[in-house]
Number of protein chains: 2
Amino acid sequence: MVRQAIGLFWRQGFSASSMQQVVQATGLNPGSIYLAFGNKEGLFREALDRYAQEGLAMIRRTIESAPSIGEGICRHLEGVIEEATKRNYKSCFLVKTQLELSAQGNELYKLAAAKLDEVEALFRGYLEKEYGRELAQRRAASIMLHLFGIRVYGYRRACAGPARRPSVAAVGLGSVCLPVPFSTPCSRVHN
Amino acid sequence: MVRQAIGLFWRQGFSASSMQQVVQATGLNPGSIYLAFGNKEGLFREALDRYAQEGLAMIRRTIESAPSIGEGICRHLEGVIEEATKRNYKSCFLVKTQLELSAQGNELYKLAAAKLDEVEALFRGYLEKEYGRELAQRRAASIMLHLFGIRVYGYRRACAGPARRPSVAAVGLGSVCLPVPFSTPCSRVHN
DNA sequence: CCACTTTTTGAATGACTGTTCAAGATTTGC
DNA sequence: GCAAATCTTGAACAGTCATTCAAAAAGTGG
C-alpha cells in the first residue's frame, strides 16, 4: 500500500504522479486513501518516511556487519555504485524529492532534507568512533557528496540506453570516485 | 522571454510550472507562446537548450582564460562551489530536469542527458591535451561526478535556512571535494 | 437476528490544466 | 491611404486534477 506509493512517487516524483495513478497502483479507492493519509502530501510524506527509514536501517546493517567501520562504509558505497549501474536505476527518492520540491519552503522538501541529514549524521556517528569530531564531520560530508554524485551520474548513465552501458565500466566509476574519502580507512579500493 | 521561462522552469521544474505561470512570468499571451514554441514542451526545450549553451560557453571562457587547463578546470569547480553555498541556490537546471523527467523515455530527459554529455565531452577534450585518452576520460567522468555531488549537496545546505549555513564552511566543501581529481594538475587546492 | 458502528465505495465536484482560434490590432506593399 | 497579410489577444474548451461524501457494505455486541 505505502510500498506501491513509494514505487510510483520515486519513479515519477510528486507533481507528475496523479492520485488516479496512485489509486491504480495501490488498488485502493480514493476515499480510503484520503481517510488514511489526509491528502496526497500526507501519503507522499508517509512514503518518503518509510523509504528513509529502510535506507537508514540498511546502512546500519551493512556497516555493523563489517569487520571495521571504514570497511563497512566502503561496502555501502560499493553497493550504491553497483546499484547505480543497473538498468532502470531510479536514483535516490530523497535526492529526487529534494530537487523537485525545493521552491518555496515546501514541507516535503524539508522532510527530505532532514532525512538526508540523518544519513549524514549516521555516517558521522560511526566515523567519530575512529576519528576526531572535526575529521569525522568532514569525512561524512565527503561521503554524502560522493553519494550524491554517484546517484546522479549513475542515473544518467543507466537511463541513456543499453548502447551507453559499456562506457560506464570503461570509465570505472568505482576506481574514480572511491579513492577519495577512504585513502586511509579503506585502502582496498585505492588505485 | 526565454530568459524568464528559464528562471521559472529552473526553479519549479516542468510539471510544477503551469502555463499560466509562464504567461505571468513572461508577460506574453498564451497564443504568442504557442505560436512561437508549439507547446509547453517546446518552450521548455528552448529554455533548456539556451541554459546549456550559456553554461558551456562559460566553462570554455573560464578554462581558456586560465594559465593552464588544470588551473582552468579548478577555477570552474571553485566557482560552482562558491555558487552552491549562496542562499537560494537553484542547483543545475540540467540535473534537475534529468532527475524529474527520467520516467518513460521522456524527450526532455534525453535532451538534458545529451547536454550533460556535452559538458563531459568538453572537459574530456581539454584534458586530452594534457593526458592520454583513457586518463582524460576517467578524469572527466570524475569531474562530472564531483560537480553533481556539489550541486546536490550544496543545494541541500543552501535551502536549509540561515541557521545551517556556518556548517557549510566548517565542513569545508572546497578542501573535501576538490583534491581528488586534481592532485596532479592543480596542486593549489590539494590539502 | 437485530440495531448500531465502522469501513469501503466510486461517482460527483469545482478548480485548474494545456491548448485553441475567431476577432481585433498592427504591419506591410504599393 | 487603402487592402492584404501578419501578428497579437484572451476568453473559451475539453480534459484532468485533488478531493469529497452520501450511500452501500462489512463488522460488532448482545
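Throughout, a chain's letter reflects where its sequence line sits, starting with A, and its residues are numbered from 1.
Checking C:dT9, C:dC16, D:dT20 against the side-chain heavy atoms of A:P30 singles out D:dT20 as nearest.
Rounded to an integer number of Å, the gap from B:M19 CE to C:dT17 P is 11 Å. Atom pair A:M1:CE and C:dT7:P shows a separation of 13 Å (rounding to whole Å applied). Protein atom CD of A:Q21 is 11 Å distant from nucleotide atom C1' of D:dT16, rounded to whole Å. Spacing between atom CG of A:N39 and atom C1' of D:dT20 amounts to 13 Å, rounded to whole angstrom units. Following rounding to the nearest Å, A:L35 (CG) and D:dA24 (P) show an atom-to-atom distance of 20 Å. Rounded to an integer number of Å, the gap from NZ of A:K40 to P of D:dT20 is 14 Å.
B:S18 has a side-chain polar atom (N or O) that falls below the 4.0 Å cut-off from OP1 or OP2 of C:dT17. The shortest distance between the side-chain N/O atoms of A:Y34 and the OP1/OP2 oxygens of D:dT20 is not below 4.0 Å. Listed pair A:Q20 / D:dC17 meets the phosphate criterion, a side-chain N or O lying under 4.0 Å from OP1 or OP2. Considering only side-chain N and O atoms, A:N29 lies under 4.0 angstrom from the phosphate OP1 or OP2 of C:dG10.
Checked by atom type, the side-chain pair B:Q137/B:Y131 shows no donor-acceptor distance below 3.5 Å.
Within 4.0 Å of A:S17, counting heavy atoms only, lie sugar-phosphate atoms of the nucleic acid but no base atom.
Listed for the A:K90 side chain is no donor-acceptor partner under 3.5 Å among the backbone atoms of B:A103.
A cation-pi arrangement is not found for A:R139 relative to A:F123, the charged atom failing to lie both closer than 6.0 Å to the ring centre and inside a 45° cone about the ring normal.
Note: the hydrophobic cluster containing B:F44 also contains B:V23 (ILVMFWY, side chain heavy atoms under 4.5 Å, direct or indirect links).
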